[in-house]
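Computed from heavy atoms alone, side chains included, the values below leave out hydrogens, waters and symmetry copies.
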Amino acid sequence: MKIPSVLLRFPHRYFSKRTYFKNLTCISRSDFLCIESLTPVHLHCSKHLCLSKCLSRELCHQSAPEQEAEGLSDREKGLIDRLYNGLVQGHRACLAEAITLIESTQTRKKKVAQVLLQKVLSYHREQEKLNQGKPLAFRVGLSGPPGAGKSTFIECFGKMLTERGHKVSVLAVDPSSSTSGGSLLGDKTRMTELSRDMNAYIRPSPTRGTLGGVTRTTNEAILLCEGGGYNVVLVETVGVGQSEFAVADMVDMFILVLPPAGGDELQGIKRGIIEMADLVAINKADGDLIVPARRIQAEYVSAMKLLRKRSKVWRPKVIRISAKTGEGISDMWDKMTEFRDLMLTSGELIAKRRKQQKVWMWNLIQENMLEHFRSHLAVKDKIPLLEEKVLSGVLSPGLAADLLLKAFKDGL
């Protein structure tokens, strides 16, 4: 069968995502290689399955950013172009507006945000190629219990980095109230000096009930910050203990900030978050707290020896710092750069980022599937009735869940 030349050039205009070909024979493999190589190398990949009696092949169709923008109004396209151009030029106002756009829950704005993200992702990929394939920014996650001094540390640490010529972005996540749904978003008020620095950007965001101490858009906000030219991205998460390990799936290095009175080494092992830490910083090691800080440092050093090694080239370290006096901050940055260089040289950093993208893809799928389940016509009306029966004790939670899942499955 001879394939028309127009088909080789524009296969996506003729085939849908579920097009099946029957009785298709090809003289050589080059016919299909020609189709694959002529499609753009930008965005989503949707598989086309070609079936015949003796041949089964996959055709990879990758749509261009212009096709993703189809259906958008001229005003929305103008908004995307304005935000994109301002973002790559380093305008903080455009970065703030872009993050607000991706945090929106409106369907139309979410579509506009995805088109913008794809443009930034293409730009980001091109810049990494110019940088010999090395990451453009160093992503650092900061976590710890309330009162550990995370915000004070970020201001001291961020000022030191901006004075050395770095551009620092801080994504501070505040917990949302389970009663009112609101957030205080007060972290920026604690960083008065850093917030006035033109080489720094601070963005507080609410969790909106998201378990894990990070929002669903934090990963996308990191990408926008890197597109804006920020080479150090700090993600400060909610200090809620064992459930905040989700931040470790979106950063290169995870740092745990603890106060001197953080419990003994057994308490440290019981907290699952300690296993994810690449560096433990004992803050407030000044004045009368120097002796307790030394004691807790020794206890955590012994605790870290009992944990399984996660990297072949790096063993987690425990250091003492003081965000109030600035002692140990410079040494901490030296250890962080040592970690980055070792992970980059060994190839573990690139592999870690690729794995993180896969993890977050499935996290978003799970979240969107739950929203789709709740709004599905087959179960939407049954949910209040079954919830009432569960509350009254007539049905067990497991049986009610099985009934809803069965109704959802039958309605597909």
Working to the nearest 0.5 angstrom, can you tell me the gap between [X] [atom1] and [Y] [atom2]?
| X | Y | atom1 | atom2 | answer |
| --- | --- | --- | --- | --- |
| Tyr84 | Gln118 | OH | CD | 12.0 Å |
| Tyr230 | Leu136 | OH | CG | 15.0 Å |
| Leu116 | Ile80 | CG | CD1 | 6.5 Å |
| Ile154 | Lys159 | CD1 | NZ | 15.0 Å |
| Ile329 | Ile319 | CD1 | CD1 | 7.5 Å |
| Thr337 | Leu344 | OG1 | CG | 12.0 Å |

Salt-bridge test for [X] and [Y]: reply yes if a basic N is under 4.0 Å from a carboxylate O, no otherwise.
| X | Y | value |
| --- | --- | --- |
| Glu226 | Arg139 | yes |
| Arg82 | Glu97 | yes |
| Asp252 | Lys352 | no |
| Asp331 | Lys335 | no |
| Arg295 | Glu299 | yes |

### Message
Distance alone, cut at 3.5 Å: any donor-acceptor contact between the side chains of Ser73 and Arg108?
### Response
no
### Query
Taking atom types as modelled and ignoring hydrogens, do the side chains of Thr162 and Asp197 form a donor-acceptor contact shorter than 3.5 angstrom?
yes
### Message
Checking Tyr123 now: which residues fulfil ring-ring contact (aromatic ring centres under 6.0 Å, His included) with it, not counting sequence neighbours?
### Response
none
### Task
Sequence neighbours left out, what passes ring-ring contact (aromatic ring centres under 6.0 Å, His included) with Phe153? Give chain and number order.
Phe157
Treating [X] as the side-chain partner and [Y] as the backbone partner, does any N or O pair qualify as donor plus acceptor under 3.5 Å?
| X | Y | value |
| --- | --- | --- |
| Glu236 | Val170 | no |
| Asp249 | Gln356 | no |
| Asn131 | Gln127 | no |
| Arg310 | Glu275 | yes |

Acceptor/donor pairs from residues 380-390 side chains to any protein atom, 3.5 angstrom cut, sequence neighbours excluded:
none

### Task
Check the angle between the aromatic planes of Phe339 and Trp314 and answer parallel, tilted or perpendicular using the 30° and 60° thresholds.
perpendicular
Testing the basics here: between [X] and [Y], what is the closest heavy-atom pair and its distance to 0.1 Å?
| X | Y | value |
| --- | --- | --- |
| Ala285 | Ile282 | CB-O, 4.1 Å |
| Ser311 | Met343 | OG-SD, 3.6 Å |
| Ser104 | Gln106 | OG-N, 3.3 Å |
| Val251 | Val235 | CG1-CG2, 4.2 Å |
| Pro135 | Arg353 | CB-NH1, 3.5 Å |
| Gly411 | Ala378 | CA-CB, 4.1 Å |

### Candidate pair Asn283 and Lys150, rule side chain to side chain contact (heavy atoms under 4.5 Å, CB included), full reasoning
CA-CA 8 Å; Asn283 196 14; Lys150 297 187 295 296; over 6 Å; no
### Message
Using side chain to side chain contact (heavy atoms under 4.5 Å, CB included), reason through His166 and Asn199 one step at a time and then give a plain yes or no.
### Response
CA-CA 7 Å; His166 296 280; Asn199 289 323; over 6 Å; no
### Query
Knowing that exactly one of Lys109, Arg203, Lys110 qualifies, which makes a side-chain hydrogen bond (donor to acceptor under 3.5 Å, both in side chains) with Glu103?
Arg203
With a sphere of 6.0 Å drawn around [atom1] of [X], does it hold more than 12 non-hydrogen atoms of other residues, nucleotides or ligands?
| X | atom1 | value |
| --- | --- | --- |
| Lys312 | NZ | no |
| Lys324 | NZ | no |
| Asp410 | CG | yes |
| Arg164 | CZ | yes |
| Ile365 | CD1 | yes |
| Glu327 | CD | no |
| Asp288 | CG | no |

### Summary
Exactly one of Leu101, Thr217, Val112, Leu223 clears side-chain contact (heavy atoms from CB on, under 4.5 Å) with Leu117, and that residue is Leu223
### Query
Looking at Pro260, Pro292, Ser322, which hits side-chain contact (heavy atoms from CB on, under 4.5 Å) with Lys284?
Pro260
### Derivation and outcome, salt bridge (Lys or Arg N to Asp or Glu O under 4.0 Å), residues Lys406 and Asp402
CA-CA 6 Å; Lys406 184 177 184 302; Asp402 290 339; over 6 Å; no
Using a 4.5 Å cut-off on heavy atoms from C-beta on, say whether the side chain of [Y] contacts that of [X].
| X | Y | result |
| --- | --- | --- |
| Met332 | Lys317 | no |
| Thr107 | Lys111 | no |
| Met276 | Leu256 | no |
| Leu258 | Ile296 | no |
| Arg92 | Met198 | yes |

### Audit row: Glu76, Val115, side chain to side chain contact (heavy atoms under 4.5 Å, CB included) steps and yes/no
CA-CA 10 Å; Glu76 290 170 334; Val115 176; over 6 Å; no
### Task
Report the C-alpha distance between Leu342 and Leu349 in whole Å, list the side-chain angles of each, state the deciding distance to 0.1 Å, and finish with yes or no for side chain to side chain contact (heavy atoms under 4.5 Å, CB included).
CA-CA 9 Å; Leu342 288 174; Leu349 185 61; over 6 Å; no
